[in-house]
Amino acid sequence: MTTLLGESEFIGALRGLSSSYWGAHPFHRRLHSGALDRRELRLWAANRWYYQRMLPQKDAAIISNCPLPEVRRAWVDRLAYHDGTPGDEGGIERWMRLCEAVGLTREEVLDERHLLPGVRFAVDAYVTFARTKPWTEAIASGLTEMFAGHLMTRRVTDMLAHYDWIRAEDLAYFTDRIEAVSGEGKGTLDIVVRYATTREHQDAAVAALRFKCEVLWLMLDAIERAAVTVPG
């Protein structure tokens with residue numbers, strides 16, 4: 001029987017996947033360096049919007065699969081965060097504001113005319129994962145929060161420095177989200193550590209986080225290929 005990992009060793013295995021997070025992807029590096037043109041920024045924003053749009057469905061799937069009221073109560077706020085509430089436009093709408101800032105119309109974002117098949121496939125696979133896998137694994141896949149805060153802070157700084165037609169208010173999705181992930185996913189991590197009670201559960205949690213990193217990386221692979229396509 002494989003030995004259960006100690007808490008610090010288990011957390012270390014999860015954090016060890018940070019190099020697989022999409023912050024290291026070549027497309028993101030070009031984004032941060034100011035190397036993207038407006039067409040590429042629009043392509044990125046329109047495709048990332050599909051990911052944002054599907055997050056509430058992913059989170060609703062986790063809630064529907066989870067038998068524990070205390071976990072459901074902790075998770076349900078994510079639906080309101082993305083979908084919005086009276087007086088709060090929500091994360092999806094904040095991303096739409098960024099889409100409009102880079103030159104997209106609301107209509108062309110909503111009708112998904114720029115959505116790439118590879119991005120749709122990757123995002124839909126993530127939602128299916130949340131619907132079909134044990135809720136503990138689906139929650140563990142969200143531990144990319146551990147890697148996100150620093151990247152978002154840098155993204156706001158770099159985008160304002162390199163893309164002078166983008167205003168600070170256009171980046172409200174990131175500035176708002178920075179606060180939400182400022183604890184480096186501690187709430188999510190606490191749930192995973194608490195309920196991953198066997199080595200099998202721990203290994204499955206690490207695999208789930210690796211899968212999520214692969215989904216994000218594949219999204220950017222598809223965007224990068226479309227962005228750099230050379231005529232002929």
Side-chain angles (χ1 to χ4, degrees), residues 7-8 10-25 28 31-32 48-63 65-66 68 70-84 88 90-92 94-95 98 122-123 125-127 129-131 133-157 171-196 201-202 204-220:
E7 181 175 321
S8 60
F10 179 37
I11 293 173
L14 293 165
R15 292 192 183 280
L17 293 171
S18 62
S19 61
S20 300
Y21 187 56
W22 61 353
H25 194 281
H28 268 171
L31 171 67
H32 283 270
R48 172 70 184 267
W49 181 84
Y50 183 71
Y51 171 75
Q52 301 303 140
R53 182 174 78 80
M54 298 300 288
L55 285 178
Q57 294 185 46
K58 179 269 297 185
D59 289 321
I62 291 173
I63 293 169
N65 288 334
C66 179
L68 304 178
E70 62 273 21
V71 176
R72 294 198 302 266
R73 285 193 297 268
W75 212 257
V76 74
D77 286 346
R78 293 169 181 258
L79 299 183
Y81 178 85
H82 293 294
D83 283 337
D88 178 9
I92 295 174
R94 281 189 283 273
W95 192 271
L98 176 57
V123 174
Y126 181 42
V127 176
F129 182 92
R131 286 175 175 157
K133 291 291 187 177
W135 65 271
T136 49
E137 293 178 37
I139 284 182
S141 73
L143 282 171
T144 45
E145 293 173 353
M146 296 189 298
F147 317 136
H150 176 71
L151 178 64
M152 289 185 184
T153 301
R154 184 162 59 89
R155 180 158 303 153
V156 171
T157 300
L171 300 174
Y173 172 82
F174 293 118
T175 52
D176 185 76
R177 189 67 180 149
I178 287 168
E179 182 178 351
V181 299
S182 60
E184 295 185 319
K186 184 180 185 305
T188 306
L189 183 60
D190 288 345
I191 293 172
V192 173
V193 170
R194 180 177 179 181
Y195 292 102
H201 291 161
Q202 291 176 330
V206 173
L209 180 54
R210 182 180 297 110
F211 169 76
K212 170 66 176 303
C213 289
E214 290 170 350
V215 164
L216 298 178
W217 200 273
L218 286 170
M219 287 173 59
L220 287 183

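With rounding to the nearest 0.5 angstrom, the CD atom of Glu137 is 11.0 Å from the CG atom of Asn65. For the atom pair CG (Leu151) and NE2 (His28), the distance works out to 6.5 Å, reported to the nearest 0.5 Å. Atom CG of Asp83 and atom CD1 of Ile92 lie 4.5 Å apart (nearest 0.5 Å). Atom CD1 of Ile139 sits about 12.0 Å away from atom CG of Leu189, to the nearest 0.5 Å. A distance of 14.0 Å separates NZ of Lys133 from CD1 of Ile62, quoted to the nearest 0.5 Å. The distance from atom OG of Ser20 to atom CG of Leu216, rounded to the nearest 0.5 Å, is 11.0 Å.
Residues Ala208 and Ala140 share a closest heavy-atom pair of CB-CB, 4.3 Å. In terms of heavy atoms, Leu14 sits closest to Leu143 at CD1-CD1, 3.8 Å. Across all non-hydrogen atoms, the minimal contact from Tyr126 to Val215 is CB-CG1, 4.1 Å. Shortest non-hydrogen contact noted between Ala122 and Met219 is CB-CG, 4.0 Å.
Using a 4.5 Å cut-off on side-chain heavy atoms (C-beta onward), Leu209 and Phe147 make contact. Taking 4.5 Å as the limit, some side-chain heavy atom of Phe174 sits within range of a side-chain heavy atom of Trp95. Inter-residue side-chain proximity for Val192 and Thr136 is flagged as unmet; no heavy-atom pair is nearer than 4.5 Å. Counting heavy atoms from C-beta outward, Val71 and Trp135 have side chains that approach closer than 4.5 Å.
With sequence neighbours excluded, the residues forming a salt bridge (charged side-chain N to carboxylate O under 4.0 Å, His left out) with Arg94 are Asp88, Asp176, listed by chain and number. Take Arg194 and apply the side-chain contact (heavy atoms from CB on, under 4.5 Å) test, not counting sequence neighbours, and it matches no residue.
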task: Let me see the working for Tyr195 and His201 under side-chain contact (heavy atoms from CB on, under 4.5 Å), right down to the final yes or no.
output: CA-CA 8 Å; Tyr195 292 102; His201 291 161; over 6 Å; no
Practice problem: Under the side-chain contact (heavy atoms from CB on, under 4.5 Å) rule, what do Thr175 and Thr153 come out as? Steps first, then yes or no, please. | Solution: CA-CA 7 Å; Thr175 52; Thr153 301; over 6 Å; no
Report all side-chain donor-acceptor pairs from residues 53-60 shorter than 3.5 Å, counting only partners two or more places apart or in another chain.
| unit_1 | atom_1 | unit_2 | atom_2 | d |
| --- | --- | --- | --- | --- |
| Arg53 | NE | Glu112 | OE2 | 3.4 |
| Arg53 | NH2 | Glu112 | OE2 | 2.9 |
| Gln57 | OE1 | Arg131 | NH2 | 3.3 |
| Asp59 | OD1 | Trp75 | NE1 | 3.0 |

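For the salt bridge (Lys or Arg N to Asp or Glu O under 4.0 Å) criterion with Glu145, the lone passing option out of Lys212, Lys186, Arg78, Arg15 is Arg78.
Between the side chains of Thr144 and Tyr21, no donor N or O sits under 3.5 Å from an acceptor N or O.
Classified by interplanar angle (parallel below 30°, tilted 30° to 60°, perpendicular above 60°), the ring pair Phe129/Phe211 is parallel.
Between Tyr173 and Trp49, the gap from one ring centroid to the other reaches at least 6.0 Å.
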